[in-house]
Amino acid sequence: MARITASVYTSHVPAIGAAIDLGKTQEDYWKPLFAGYDFSKQWMKDNKPDVIFLVYNDHATAFSLDLIPTFAIGTAAEYQPADEGWGPRPVPKVIGHPELASHIAQSVIQQDFDLTIVNKMEVDHGLTVPLSLMCGQPEAWPCPVIPFAVNVVQYPVPSGQRCYNLGKAIRKAVESFDQDLNVQIWGTGGMSHQLQGARAGLINRDWDNAWLDQLINDPEAAAATPHIDYVREAGSEGIELVMWLIARGAMADVAGGPAPKLAHRFYHVPASNTAVGHVILENS
Amino acid sequence: MARITASVYTSHVPAIGAAIDLGKTQEDYWKPLFAGYDFSKQWMKDNKPDVIFLVYNDHATAFSLDLIPTFAIGTAAEYQPADEGWGPRPVPKVIGHPELASHIAQSVIQQDFDLTIVNKMEVDHGLTVPLSLMCGQPEAWPCPVIPFAVNVVQYPVPSGQRCYNLGKAIRKAVESFDQDLNVQIWGTGGMSHQLQGARAGLINRDWDNAWLDQLINDPEAAAATPHIDYVREAGSEGIELVMWLIARGAMADVAGGPAPKLAHRFYHVPASNTAVGHVILENS
Amino acid sequence: MALDKPYKDVPGTIIFDAEQSRKGYWLNQFCMSLMKAENRERFKADERAYLDEWAMTEEQKQAVLARDLNWCMRTGGNIYFLAKIGATDGKSFQQMAGSMTGMTEEEYRNMMLNGGRSAEGNRYLGEDGDAQPQHQPQGSAGKKG
Amino acid sequence: MALDKPYKDVPGTIIFDAEQSRKGYWLNQFCMSLMKAENRERFKADERAYLDEWAMTEEQKQAVLARDLNWCMRTGGNIYFLAKIGATDGKSFQQMAGSMTGMTEEEYRNMMLNGGRSAEGNRYLGEDGDAQPQHQPQGSAGKKG
Ligand SMILES: [Fe+3]
Ligand SMILES: [Fe+3]
């Protein structure tokens, strides 16, 4: 039986990808940020998963305004890093897990989540930057990845509660897969940031950390955060945090199991326009 | 306030489109079928809607295996009839209703239906054949149409219950639209047919009519029909009937209003491989 | 436990699920390409050469060249995709569906005019209806045997 | 009653909803085209000619030519789409975001290094924070006034 062993949460700022790709991680600006992921890189080696279910959002890359899926699951064999305008990131291609992805799609649709199934897609920084942060610069990513894209670009985006409930459905789906697989679920994006208008650059350290406390210890409360709170308190792009709730909803305690172990927690301002948050939770 | 005044249900067999386009409607084979829609064409003139919300499925036309949305709503200004391999049907282009469509999308997503929003799409016989059956061969369709495509091609398709609940959400969405619009909702596809394998040509007149009875008088029961019953009793393509439940769920009685008036009911075998069912229900 | 697939015991029927979809991906994508008139022309001009542009298995290509829709379906084809081949050949959906039963066009058309195939005996594998494996092919092709 | 849009009272912020999306459709689709290197080259070679290939309004074209991202957003642009213009110009997301505040690059960078813009006074229109309309443009450009 497949099982979800841990969840990882991290911001996915494009400038972090550029810093890694351009060899700037030891510069004064970036050093404290990457230091926060030293633990995580070692943890990834010690806790290598068989598959990563990676929740992220597409940033007008694979999906234009022609077609905007609320939830899209990648069931393809592989995904190329996209050219977002600066040229594609020099990172390995992403190998998928079609069997598990199709299985999860089937199970989750039967649990009344109206997924879009995607067999051809390029992946942008939303997916590749978390991999870089957690795995460094390997020749190949350590395991297959199932991309799961959430619309947080055009309103209305799914509610935090919907995302949290989806996480519960994903856990059930994973646990009904025949093969014995160690699956991690990652929630990415956030934390507070606003990339637009006169209010660009908004950061809310107190709100972010209170939300992290809730995410870890009282996820039902975090899931109840209304959209407008994200916008008002964490900036218009802070809404990306709903994606963390998908990963959190898939943890064992939500289904009546023991509380997860907090393996790591990190917070840093700034990375470009953004507050970076990062948490690792392990199921016991 | 916009309101749903009636729902229309009809099969959308491609051969019916071909019979119309090639002027064969008065041939012996087709005459009894089209006679069943004489009432409906007059009814459409007497009950001209401002907008038709047209639930149908794409038959590997706009959506390939690259991307399969469970539910896709068209918010575009217009849609061209597709070339499904025989050349495009010689019918008018379909004019959309972007404002109402976007409004419904927003409302329904906030009611936890995970729609895909589509701004560029060609429409196939699933959408154009019902228009031809109900409107004949006009220079232009009588009103704007919002295409709503349901995946019934690749399993798992959404359950009948999910579709029925979606109908309820669509009714709420329509009723929260500011403009005073007369909206019809059409559910298309079905009834019993199987287009594949040694079992091709399956028709189940008794089952179809019992299901129609339920659809009209006990829609909760119709919505509870499991997928496997459609396949076993109504053929592998009979599953299209789940789309009728979206239209039925949007009727007033489902939300506590009075029972709808049965304006018309018709059943005919065969049209090519298919049993044709057709119902018109009016809200009082 | 794996997902429930209750549709595996229906005779003469392949449900197009994720497993079939994976198997038939390139076959079905090839079919989609026939929605463009210029591709239909290129396919008709040299079927083999056109098929070789696609990452299909050799068996899938043979099944297409043979216009054996049952064979196409076993290799992952879906009828709505395969219909683009029929459309390219100028065939109707009734001709395509009928071709999968072993009946002649006339036999299949008459069956439909007489109310279609009965569900009796055709609901579960192991019954004795005309769609069951032990009764294939049907129609005059079947009666020859 | 119409749908609730509680996000209309946040200062210096345009939420990209269906209404904005309809307004900005061609502007944003033009931006998407810049994800191909050859289109970036063509755009750079003759911006006006390239823009004229798209069904954008004249105002949208002017806003792009002026590289005024606030103006682009008012005409329906979304920042993730508009970012492709910045990428074509070799700009970072920080440079793009900063350009919308009226601050110089250095001022904006320093604000971020000092912990970013505070939410205080910037939650509701009508408060007195630095993102409020009465305090635009910000930074040295603002101080000149
Ligand atoms: Fe992001
Ligand atoms: Fe159909």
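Chain letters run A, B, ... following the sequence lines, proteins first, then strands; residues in each count from 1. Values in this document were obtained by computation on a predicted structure and should not be read as measured data.
- Only the side chain of D/Asn70 comes within contact range of chain A, judged by heavy atoms closer than 4.5 Å.
- Residue D/Met111 touches chain A through its side chain alone, counting heavy-atom pairs closer than 4.5 Å.
- In this model, a donor atom of one side chain and an acceptor atom of the other lie less than 3.5 Å apart for D/Tyr108 and A/Asn273.
- The candidate with the highest count of non-hydrogen atom pairs below 4.5 Å against chain A, out of D/Ser99, D/Gly129, D/Gly115, D/Gly12, is D/Gly12.
- Only the side chain of D/Arg109 comes within contact range of chain A, judged by heavy atoms closer than 4.5 Å.
- What you find for A/Ala200 and D/Thr101 is that their closest heavy atoms are CB-CG2, 3.9 Å.
- One distance of note links CG of A/Leu195 with CE of D/Met73; it measures 9.5 Å at 0.5 Å rounding.
- Note that CZ of D/Phe93 is 8.5 Å distant from NE2 of A/His193, once rounded to the nearest 0.5 Å.
- At least one side-chain heavy atom of A/Ser236 sits under 4.5 Å from a side-chain heavy atom of D/Ile15.
- Neither the backbone nor the side chain of A/Ser192 comes within less than 4.5 Å of any heavy atom of chain D.
- Counting heavy-atom neighbours within 6.0 Å of D/Glu53 CD, excluding the residue itself, gives a total above 12.
- With a 4.5 Å cut-off on non-hydrogen atoms, D/Asn39 does not touch chain A at all.
- For a residue to count as touching a neighbouring chain, one of its non-hydrogen atoms must lie under 4.5 Å from one of that chain's; by this rule A/Arg232 touches chain D with backbone and side chain alike.
- Ranked by heavy-atom pairs shorter than 4.5 Å toward chain A, the options D/Gly86, D/Ala131, D/Ala87, D/Ala119 are led by D/Ala87.
- Only the side chain of D/Met32 comes within contact range of chain A, with at least one heavy atom under 4.5 Å from a heavy atom of that chain.
- Side-chain contact of D/Asn78 with A/Gln154: a donor-acceptor pair under 3.5 Å is absent, judged by distance alone.
- Comparing A/Gly197, A/Pro156, A/Ala234 by how many heavy-atom pairs each has under 4.5 Å with chain D, the most go to A/Gly197.
- Of the listed residues (A/Val153, A/Val269, A/Ile68), the one with the most heavy-atom contacts under 4.5 Å to chain D is A/Val153.
- Interface remark: of the candidates D/Ala37, D/Ser92, D/Pro11, D/Gly98, D/Pro11 forms the most heavy-atom pairs closer than 4.5 Å to chain A.
- Proximity to chain D is limited to the side chain of A/Ile228, based on heavy atoms less than 4.5 angstrom apart.
- Interface remark: A/Tyr230 contributes no atoms to any contact with chain D (heavy atom separation under 4.5 Å).
- Only the backbone of D/Leu34 comes within contact range of chain A, with at least one heavy atom under 4.5 Å from a heavy atom of that chain.
- Here the side chains of A/Asn204 and D/Arg123 are in contact, with some heavy-atom distance below 4.5 Å.
- Residue contact with chain A, scored on non-hydrogen atoms closer than 4.5 Å, involves the side chain of D/Arg40 exclusively.
- Rounded to the nearest 0.5 Å, atoms OG (D/Ser118) and CD1 (A/Ile203) are 11.0 Å apart.
- Checked by atom type and distance alone, the side chain of D/Arg117 pairs as donor or acceptor with a backbone atom of A/Arg199 at under 3.5 Å.
- Heavy atoms closer than 4.5 Å to chain D are found in both the backbone and the side chain of A/Asp66.
- Using bins of under 30°, 30° to 60° and over 60° for the plane-to-plane angle, the ring pair D/Tyr80/A/His59 lands in the perpendicular bin.
- Only the backbone of D/Lys91 comes within contact range of chain A, judged by heavy atoms closer than 4.5 Å.
- Within 6.0 Å of CG on D/Asp46 lie more than 12 heavy atoms contributed by other residues, nucleotides or ligands.
- Pairing each heavy atom of A/Thr61 with each of D/Met35, the nearest pair is CG2-CE, 3.5 Å.
- Taking CH2 from A/Trp86 and NZ from D/Lys84, the interatomic distance works out to 7.0 Å, rounded to the nearest 0.5 Å.
- Counting heavy-atom pairs closer than 4.5 Å to chain D, the top-ranked of the candidates A/Arg205, A/His227, A/Glu233 is A/Glu233.
- More than 12 heavy atoms of other residues, nucleotides or ligands shown are found within 6.0 angstrom of NZ on D/Lys44.
- Annotation: side chain of A/Gln196 is in contact with side chain of D/Thr13 (closest heavy-atom distance under 4.5 Å).
- Environment of NZ in A/Lys31: sparse, with no more than 12 heavy atoms of neighbouring residues, nucleotides or ligands closer than 6.0 Å.
- Within 6.0 Å of CD on D/Glu105 lie no more than 12 heavy atoms contributed by other residues, nucleotides or ligands.
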